[in-house]
Novice: 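Dumping the structure here so I can ask a few things about it.
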Amino acid sequence: MRKLNSILKVENLTVSFSDGKESTKILKDVSFSVFSGKMLAIVGESGCGKSVTVHSIMQLLPKNGKIDSGKVLFNDGGNEVDLVSMKKYGKQMRAMRGQKIGMVFQDPMASLNPTHQVGKQVMENLMQHYKIPKKEARDKVIELFKLLGIPDPEQRIKDYPHQFSGGMRQRVMIAISMICNPNLLIADEPTTALDVTIQAQIMDLMKELQEKHDKSIILITHNMGLVAEVADFVAVMYMGRIVEYGTVRDILNNPSHPYTQSLLKSVPVMGLDKNQKLATIRGTTPNPKDYVKGCEFAGRCDFAMESCLTRDIPDINLTNSHQVRCLLVEESKEVIAK
Amino acid sequence: MLKYIIRKSLVTIPMLFVISIIVFFAIQLSPIDPISYSASPDVAVDSENLEALREHLGLNDPLYIQYYHWIIAVFKGDFGYSIITGQPIAKILALKLPATIELSLLALVISTIIGVAMGLVSAIKPNSMSDYFSRNVAVLGISIPEFFFGIIIIQIFAIQLGWLPISGRIGVNDVTFWDRLPNLILPSFTLAIGMLAVLLRYTRNSMLDVLSKDYIKTARSKGIPEWKVFIFHAFRNSLGSILVILAFRLPMLIGGSVIIEMVFMWPGIGNAIISAVSSSDYPVIMITTMMLASAILVASFLVDVLSAFLDPRIRLE
Amino acid sequence: MTTSKREEMIFSIKNLKTHYPVLGGFFRKQIGTVKAVDDVTIDVRRGETLGIVGESGCGKSTLAKTMMLLEKPTEGKMLYDFNGEQKDVTKLNAGDVFDFRSRVQMVFQDPYSSLNPSKRIIESFDEPLRVHGYKNPAERKQRIIESLRMVNLSEDYLYRFPHEFSGGQRQRISIARALCINPELIICDEPVSALDVSIQAQVLNLMKEIQKELNLTYVFIAHDLSVVQYMSDRVVVMYLGKIVEISEASNLHVNPLHPYTEALLSAVPVPVVNEGKSKRIPLTGDVPSPINRPSGCPFSNRCPKRMDICTQVEPPLQSYGEEDHQVACHLYTKPI
Amino acid sequence: SPEKDSTNEDSTKPSNDSVVPAAENGGTLNLVTIDPNGFGERIEPLWLNRGGMHQRLMFRSLFLPDVDLQNLNPDLAASYEGSDDGLTYTITMKDGLKWHDGEDLTAEDVVWSIETVLKATQVNAIYTNAFSSIEGAADWIAGQSDKLAGITAEGNTITVKLDNPVGNFLPVLGQFAIYPKHLLKDENPLEIHNAAFWENPVGNGMYKLEKLEPGNFATFVPAESYEGTKPKIQKIVLTAVAEPTSAAKTGQVDFFNTNVAEFIDSMKAVDNFVAHPIDILFYRYFLVNMEDTEGNVNEKMADKRVREALMYGIDRKSLTEQLYPGLAAVLNTGVPPTFDESYTDAPEYEYNPEKAKELLKEANFDFNETIKLRFYYGDQTSINFMTAVAQYLTELGMKVDVLQFQADPTTELYKVRDYDIALKGLSSFGYEEWYGEYESTNSNMINIFGLDGIFDDGVAKLKETVDAVERKEILQELQKQEVENLYKLPLYTVNSYYYVNEEKLKTAGIYGNPWYNYDMKFEEWEIK
Amino acid sequence: MTTSAIEVKAKKTSLLKIRMKKMRSNKLATIGLLVCIGMTLLSVFAPFITSYDPAQMNLSNITQAPSAEHIFGTDKLGRDVFAQVLYGGRVSIYVGVLSALGGTIIGVLAGAIAGYFGGKIDSILLRFSEIFMTFPQLILVLVLVSLLGQGVNNLIIVFVITGWMTTFRLVRNEFLTVREETYVSVCRSFGIPTSSIIFKHMLPNTMSPIIVAFTVNVAGFILAEAGLSFLGLGVPVTTPTWGNIMNAAQSIDVVTNYWWLWLAPGIAISLFVLAINFLGDGLRDILDPKQ
Ligand SMILES: Nc1ncnc2c1ncn2[C@@H]1O[C@H](COP(=O)(O)OP(=O)(O)OP(=O)(O)O)[C@@H](O)[C@H]1O
Ligand SMILES: Nc1ncnc2c1ncn2[C@@H]1O[C@H](COP(=O)(O)OP(=O)(O)OP(=O)(O)O)[C@@H](O)[C@H]1O
Ligand SMILES: [Mg+2]
Ligand SMILES: [Mg+2]
């Protein structure tokens with residue numbers, strides 16, 4: 001196994017949203033790395049901060065969102081640059097977006113401009129970053145469309161988004177993010193709006209991009225099955241924190257955070273016996289505003305201890321690739337150590 | 001696209017037809033006598049020949065026959081005569097419309113440029129000082145009655161300061177547009193105020209709406225400069241609704257100029273309408289109504305075509 | 001048609017068609033038809049959970065709404081068992097429709113819009129109860145509290161507004177509301193699709209418990225095959241308004257017959273590392289629009305096992321192998 | 001054109017007179033029509049209203065009356081002769097008269113004009129009244145003859161035979177504008193006022209139309225064909241303004257007349273203009289609707305004491321003084337008090353609300369009934385006037401409802417007739433029109449007064465009589481009857497003002513009724 | 001008929017509380033509301049505020065500039081302008097509110113029916129409203145006024161006839177959206193009567209835009225009344241309304257020399273309409289569920 005180079009390192013990222021006068025911490029101390037040529041999956045329930053994380057990386061947070069602290073170190077061909085230090089819509093940051101980092105959003109219909117031809121929308125990205133003639137750009141787009149399995153690309157680049165099916169639209173989105181050949185691709189729930197058969201097509205395509213073209217990918221999803229199939233690394237988020245991080249094997253075969261465990265067990269799998277009960281998590285996701293101290297999951301955790309709510313929870317390295325943010329693990333580790 | 005345009009334009013014909021029927025019969029219901037103009041009550045007139053004229057003009061025919069004659073004549077471009085002045089209505093229109101169009105167009109240009117620009121600035125920086133200012137200007141603009149506004153600026157700019165003429169319009173043929181401009185400024189500005197306010201609000205709202213769309217995020221994720229995001233994506237996409245409101249307002253500019261023309265004594269179609277209405281000059285009322293209705297229909301047709309042109313979802317349906 | 005006589009039929013749908021007109025042209029004439037549900041025949045048995053699965057737009061919701069008499073069927077019969085008497089519910093008089101509605105209820109997909117945002121929870125419950133003959137206010141309130149308890153919600157919630165609840169709670173409230181008039185059959189149209197996995201599990205568990213407790217019959221619709229399989233006794237697979245396969249739930253993933261079912265199964269990601277990838281049956285293309293469906297078998301244009309006959313003749317739904325396993329595919333067509 | 005260049009040169013000052021083409025010599029007279037609708041695209045026909053200055057200068061009649069409208073001077077006619085019985089007139093035309101287009105103007109034009117006016121619709125009743133006494137007029141109007149029998153032309157001589165004497169026949173001819181037969185003979189008389197002719201009319205007067213810019217202005221220059229004294233003013237420019245004061249200030253107008261109180265008020269501030277007030281017979285009065293359209297008596301108004309009460313209850317004097325300062329004079333009968341023929345015993349109805357209330361009480365007036373007060377003048381002064389009247393009546397304890405007529409006034413006044421009292425105006429040539437309204441043959445008024453012809457004899461006599469003394473007697477009688485019946489409530493006469501920019505314009509100083517044709521000695525007018 | 005006999009506890013709901021709070025924090029809307037109420041009260045209680053009768057003439061005291069005695073001066077009949085503005089407000093506000101109410105009721109009824117049922121009824125009503133919209137409003141008003149006759153109530157009828165379309169379209173569109181909400185299907189699946197679904201379940205959820213539209217309409221009708229009366233075509237000239245008082249300012253003479261005749265009523269109209277518009281704008285934000 002060759003040495004893994006990280007292409008992106010997120011360090012202690014903290015983001016808050018203001019709502020009038022109040023401000024709520026939505027991301028707390030988020031740190032993770034994305035390795036070259038690997039796919040990192042971020043999983044977690046709705047509202048846990050997955051999208052905010054990637055939007056912070058791209059500096060595309062809405063106006064009321066603010067990065068309070070932390071670094072986003074991007075490896076730009078050997079140069080490590082901190083994206084957070086760049087001006088939001090400045091030249092430097094814009095040079096990153098689209099060219100160095102591509103992004104695919106959840107809803108392919110809403111994410112494409114309905115009044116522009118799809119070809120134009122792809123070309124726009126290319127021509128923003130490379131001074132090349134239109135014709136050449138067009139040829140490149142056609143080429144990419146072919147590669148992404150869009151039939152009849154010469155004709156279809158003139159079409160408008162609404163003339164495409166959901167799956168095809170998502171391919172166009174991927175084309176937009178890929179046209180400048182970025183090394184890092186961020187896909188925020190790219191298949192949630194799609195049917196399973198189409199989801200399978202899109203995921204195969206992304207896997208192929210990653211493997212054949214050596215791209216690094218951040219995939220956001222809440223489908224554990226999908227994670228198992230395509231991801232190399234997994235970060236599990238809960239309430240703005242990464243509670244568990246590791247390789248896909250670490251997480252699926254040895255889930256160590258109670259949250260991860262229940263998440264895995266709460267999904268029915270094919271062939272599950274009808275009479276077997278699904279694992280559930282008590283209660284509902286609390287409001288991030290109400291957070292005071294300790295583990296956010298403590299209130300719903302079956303193994304919660306007193307200390308869970310009173311002290312800061314450290315990240316604990318189980319192996320050098322597997323980290324968990326849970327006191328249970330700390331204790332059992334201590335036990336092992338003893 | 002062509003098929004779409006043809007289809008849309010075909011819909012307007014029955015509408016016009018229905019409107020012509022309503023206009024005709026509504027006015028027939030009122031007690032207005034179309035030939036009483038020959039007998040002003042201020043002048044002693046012997047009314048014996050009026051009956052002959054009534055017969056001659058077919059006014060004793062059943063209504064549907066009268067309607068038939070009227071609509072056929074209108075189709076042929078014969079709009080009949082004003083019963084007050086005896087002038088052919090076609091000529092009245094030919095005479096008055098240019099003045100109104102001149103006024104309305106200038107108002108349109110002023111309000112569009114200022115309104116859209118202010119709306120854009122507002123939307124780009126919502127809740128900023130300039131946004132706050134623009135929004136209040138907009139509310140003010142729709143709240144002050146235009147005649148009051150007109151009177152105030154006449155008082156200020158014409159009477160107190162004497163910078164601009166109070167009223168009237170110098171002839172079309174003798175001087176260039178630039179010579180008429182001093183007379184145009186006050187009325188067109190007054191006329192523009194309301195429209196400006198509406199456009200400002202509309203532009204702001206639709207820009208804000210579009211800016212919250214996901215595809216704006218996509219555009220930003222391409223690394224294109226913010227101004228391009230605003231212009232090529234946000235403005236381009238809100239243009240549709242802005243143009244819609246613009247086109248819908250267009251005939252209202254003509255209709256809405258009635259009061260302005262009155263205040264500024266502008267010899268346009270609005271003034272003609274007012275005097276037609278206050279003197280019950282019903283052939284003129286009918287034709288001007290039809291004209292304004294057609295203008296509105298044309299405008300809504302334009303709206304359809306424009307939105308189709310701007311929005312491929314409609315165009316390619 | 002072979003159905004088991006062992007179990008009692010509660011709702012039997014025969015050759016049901018629900019078509020929507022496509023309007024267009026000069027005079028907004030009908031220029032086509034969306035055959036949202038086309039020639040569907042199903043029997044719902046008392047006490048069972050009948051799962052319906054299929055991709056988006058295949059007509060699941062339309063089928064559910066038609067069964068609930070919210071859409072008018074274009075053709076076909078729907079026989080409901082009114083205490084032993086079978087009546088065609090498409091031809092009921094107003095009073096009987098009412099009776100029907102008190103026996104059959106529906107839970108909808110979207111927990112956020114299924115509660116009236118301007119009404120307190122109690123108000124959302126009150127009117128259905130009143131309409132269904134609970135004249136006494138105190139009795140109504142009692143009934144509401146009971147049904148809320150059934151879904152593990154306390155009566156404190158009675159006077160709250162929907163926006164004060166999470167998605168899972170709302171879906172539970174919706175279920176409680178469907179239950180409050182004591183129905184026999186509940187049609188669930190994707191009740192958990194909009195929920196997070198952990199909440200989904202809560203709701204699924206709850207539904208199972210209630211079913212046992214009240215001896216309910218479910219028609220359970222979802223697009224997630226594993227959820228349907230887990231919930232159901234039998235599973236109906238739909239494609240483009242048609243049923244392509246009906247199978248025992250436990251048997252489905254073991255012995256799928258129809259190529260579409262196979263493909264669907266293979267596309268479902270399994271949360272186990274390094275498995276499944278190799279087995280995937282790639283399906284090319286998208287689901288065609290129900291307006292211009294391919295001739296012959298609706299799946300013929302995407303089917304990896306397509307034969308010549310498939311584009312010409314529509315395969316009938318026939319039993320294959322076991323009695324309760326039906327499939328509409330030429331691969332299994334028995335010579336008649 | 002050279003005029004255009006000159007305007008462009010001094011385009012530094014954007015004054016309105018830059019439109020006005022400069023005259024070569026003799027100066028330019030600037031006239032205006034006051035019309036918020038701006039300049040039209042034609043010259044108005046003259047048979048309904050004899051018209052403004054420019055019309056008077058373009059079209060002539062057989063005679064040119066003095067400023068008093070009675071003494072006639074020759075104009076198109078050289079001389080006339082009337083028979084003693086007043087039934088035959090022989091009029092001799094001048095020789096060599098020409099239309100502005102060079103065609104001969106002959107007796108034929110006059111005969112044709114008289115024949116045509118009888119069949120035309122937009123015609124002042126003074127013509128129809130006078131000319132329908134011509135022999136055979138009834139047949140002619142009814143289309144039963146193809147010639148108006150009573151009028152013949154032989155060479156230069158026109159002979160008119162009347163069925164009965166018409167007192168003001170010749171003064172009427174002095175007002176009657178002769179139209180060119182050769183240009184209008186193919187028009188339908190009913191619609192002659194709509195003829196395209198009026199866009200470029202060919203006249204016979206001192207000035208001819210030079211150019212008419214529709215919507216803009218018209219210019220007039222002295223006509224070569226005019227046989228009289230050539231005028232000094234070489235050009236007349238006619239434009240339209242919405243209100244004259246600004247035009248007066250900017251020099252857009254040198255001479256105009258108006259009877260609008262507001263303009264008269266605002267003209268006080270314009271120094272270089274001199275105001276010349278003139279008395280004219282422009283009546284304002286209340287028409288009392290005595291019968292409804294079905295012929296039932298209007299109970300509210302039937303009692304004369306009620307009508308008297310109204311006269312006492314409205315302070316006409318203060319109203320006219322405040323609303324029409326210097327412009328209106330209170331009227332008690334059809335003959336204004338300042339005139340010789342006025343009936344001195346006529347009650348003056350001095351403002352006396354107590355008496356009014358008493359009268360109402362005596363008449364058992366039902367105060368629960370609402371009095372419908374209507375008017376059709378839209379100007380602010382009239383509105384104020386009506387508002388004030390309503391207030392006076394309210395103070396008498398009456399319920400009033402004041403509205404401006406919605407449909408056309410003629411229909412509202414005579415056909416719909418949903419009113420009790422309506423404000424009406426009447427522009428009269430003589431007293432005949434005022435009293436003619438009482439005639440039982442008056443097709444409009446008969447319905448309103450429901451008269452049984454009590455005025456008929458007197459009015460007929462008045463119409464026939466020329467002699468001033470006799471006329472005075474008849475008028476006294478008529479006024480007495482009028483006072484007795486009180487069907488019309490006389491209010492005031494609105495006079496008129498001429499405004500002359502005397503710094504620029506020198507006139508002959510003769511100012512008469514602007515609605516009628518009279519000799520203002522225009523040839524003497526000069527631009528200083 | 002008791003609707004929900006289970007008494008709904010008058011516990012102040014958080015929703016209402018939030019809205020009240022929002023209202024209070026929206027200064028312009030609060031000021032707008034206060035000004036509207038204030039001016040309405042001034043008009044209603046005019047007799048307690050001024051001793052002058054607005055109709056009382058005093059021909060010896062005409063066109064007086066404002067003074068201590070007549071704070072807004074007197075008009076051409078010597079009437080007190082302040083009293084006229086006060087009393088004029090009564091009619092102006094009455095016309096505005098009643099017309100808006102009528103237009104809203106018709107618009108809501110038609111819109112609800114069109115939006116809920118869709119199909120043929122919808123197309124017919126839509127076409128109908130299109131025809132009304134196509135007519136130049138001013139002319140329609142004028143023709144109707146000439147048919148019905150002048151008068152305050154007739155003007156209101158005319159305004160209602162010509163002014164229901166915007167509310168109709170708004171409500172229709174709202175209903176088209178709300179119709180897709182699941183709870184409507186829920187009601188139907190319970191067999192709740194259609195009228196009850198429309199008016200008891202759907203209508204309350206479209207109330208916010210209706211209320212906003214109502215305020216906008218009140219402003220619009222007050223302006224329309226003023227415009228028509230200014231032209232002399234609205235309310236009978238003897239009824240004082242803000243527009244009628246300004247009718248006098250049609251002549252340059254008045255504009256130039258008697259500023260108090262038009263300034264006071266002009267400001268009254270502008271202020272009131274401005275206040276309503278600020279209130280409406282505020283309500284738009286306050287009632288917007290998205291905010
Ligand atoms: N513009 C915003 N203003 C205020 N809070 C926001 C905003 N956007 C997101 N949030 C909050 O941030 C938190 C995380 O949101 P985020 O969109 O990252 O969730 P997610 O994990 O992507 O969920 P999903 O699976 O639903 O997409 C949520 O609690 C949300 O309420
Ligand atoms: N009212 C309607 N008018 C016309 N077509 C309709 C209507 N309702 C549904 N359809 C069409 O009928 C087909 C089936 O729709 P249906 O909602 O039943 O699908 P579904 O299986 O429930 O899909 P999903 O999983 O997205 O809910 C679709 O193509 C849809 O576009
Ligand atoms: Mg997200
Ligand atoms: Mg569905």
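By convention in this document, chain letters (A, B, ...) are assigned in the order of the sequence lines, proteins followed by strands, and residues within each chain are numbered from 1.
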Novice: Quick check on A:Gln199 against chain C: is it the side chain, the backbone, both or neither that has a heavy atom closer than 4.5 Å?
Specialist: side chain
Novice: Using a strict cut-off of less than 4.0 Å between a Lys/Arg side-chain nitrogen and an Asp/Glu carboxylate oxygen, indicate whether C:Arg234 and C:Glu48 qualify as a salt bridge.
Specialist: yes
Novice: For chain C, which of A:Gly167, A:Gly271, A:Ser165 has the most heavy-atom pairs under 4.5 Å?
Specialist: A:Gly271
Novice: I'd like to know whether C:Ser226 forms a side-chain hydrogen bond (donor to acceptor under 3.5 Å, both in side chains) with C:Asp224, so could you lay out the CA-CA distance, the side-chain angles of the two residues, the decisive distance to 0.1 Å, and finally the verdict.
Specialist: CA-CA 6 Å; C:Ser226 13; C:Asp224 186 333; 2.9 Å; yes
Novice: Tabulate, in ascending numerical order, the residues of residues 52-64 of chain C having at least one heavy atom closer than 4.5 Å to a heavy atom of chain A, or enter 'none'.
Specialist: C:Glu55, C:Ser56
Novice: CD1 of C:Ile186 to CE of C:Met207: how many Å apart, nearest 0.5 Å?
Specialist: 7.0 Å
Novice: Classify the side-chain pair C:Ser174/C:Ser114 by whether it contains a donor and acceptor separated by less than 3.5 Å.
Specialist: yes
Novice: Would you mind telling me which of A:Asp195, A:Thr280, A:Val227, A:Asn275 has the largest number of heavy-atom pairs within less than 4.5 Å of chain C?
Specialist: A:Asp195
Novice: Ignoring hydrogens and geometry, is there a side-chain-to-backbone donor-acceptor pair from C:Asp196 to C:Ser198 under 3.5 Å?
Specialist: no
Novice: Taking atom CG of A:Leu147 and atom NE2 of A:His213, what is their separation to the nearest 0.5 Å?
Specialist: 5.0 Å
Novice: Quick test of your reading of the model: are A:Lys38 and A:Glu211 salt-bridged, counting only N-O distances below 4.0 Å?
Specialist: no
Novice: Would you say the ring centers of A:Phe32 and A:Tyr245 fall short of 6.0 Å from each other?
Specialist: no
Novice: Tell me whether A:Asp159 is salt-bridged to A:Arg156, with the criterion being a basic N under 4.0 Å from an acidic carboxylate O.
Specialist: yes
Novice: Determine the minimum heavy-atom distance between A:Val118 and A:Pro161, stating which atoms define it.
Specialist: CG1-N, 3.9 Å
Novice: Which of residues 213-221 of chain C get closer than 4.5 angstrom to chain A, counting heavy atoms alone?
Specialist: none
Novice: Within the 3.5 Å criterion, strictly below it, is a donor on A:Gln170 or A:Thr191 matched to an acceptor on the partner's side chain?
Specialist: no
Novice: Under 4.5 Å, heavy atom to heavy atom: which of residues 240-252 of chain C reach chain A? Give them by number, or say none.
Specialist: none
Novice: Report the distance from atom CD1 of A:Ile251 to atom NE2 of A:His257, rounding to the nearest 0.5 Å.
Specialist: 10.5 Å
Novice: If you count heavy-atom pairs under 4.5 Å with chain A, which of C:Gln169, C:Gln200, C:Lys208 comes out on top?
Specialist: C:Lys208
Novice: Are A:Lys146 and A:Asp152 within salt-bridge range, i.e. N to O under 4.0 Å?
Specialist: no
Novice: Can you say whether the rings of A:Tyr160 and A:His162 are parallel (under 30°), tilted (30 to 60°) or perpendicular (over 60°)?
Specialist: parallel
Novice: Find out whether A:Val104 and A:Asp188 are in side-chain contact, i.e. whether some heavy atom of one side chain is under 4.5 Å from a heavy atom of the other.
Specialist: no
Novice: Identify the two heavy atoms, one from A:Pro258 and one from A:Leu328, that lie closest to each other, and give their separation to 0.1 Å.
Specialist: CG-CD1, 3.8 Å
Novice: Please identify, among C:Val254, C:Leu204, C:Val268, C:Asp233, the residue contributing the most non-hydrogen atom pairs under 4.5 Å to chain A.
Specialist: C:Asp233
Novice: Search all heavy atoms of C:Gln202 against all heavy atoms of A:Arg282 and return the closest pair with its distance.
Specialist: NE2-C, 4.1 Å
Novice: For a quick test of reading the model, state the closest non-hydrogen atom pair linking C:Gly51 to C:Ser232 and the distance between them.
Specialist: CA-OG, 3.2 Å
Novice: Counting heavy-atom pairs closer than 4.5 Å to chain C, which one of A:Met270, A:Met203, A:Gln201, A:Lys274 comes out on top?
Specialist: A:Lys274
Novice: Does a side chain donor of either A:Thr260 or A:Glu244 reach within less than 3.5 Å of an acceptor in the other side chain?
Specialist: yes
Novice: Check whether C:Leu265 gets within reach of chain A through its side chain, its backbone, both or neither, counting any heavy atom under 4.5 Å.
Specialist: side chain
Novice: Measure up the C:His258 and C:Tyr260 rings against each other and bin them: parallel (under 30°), tilted (30 to 60°), perpendicular (over 60°).
Specialist: perpendicular
Novice: Which residues in residues 231-242 of chain A have any heavy atom closer than 4.5 Å to a heavy atom of chain C?
Specialist: none
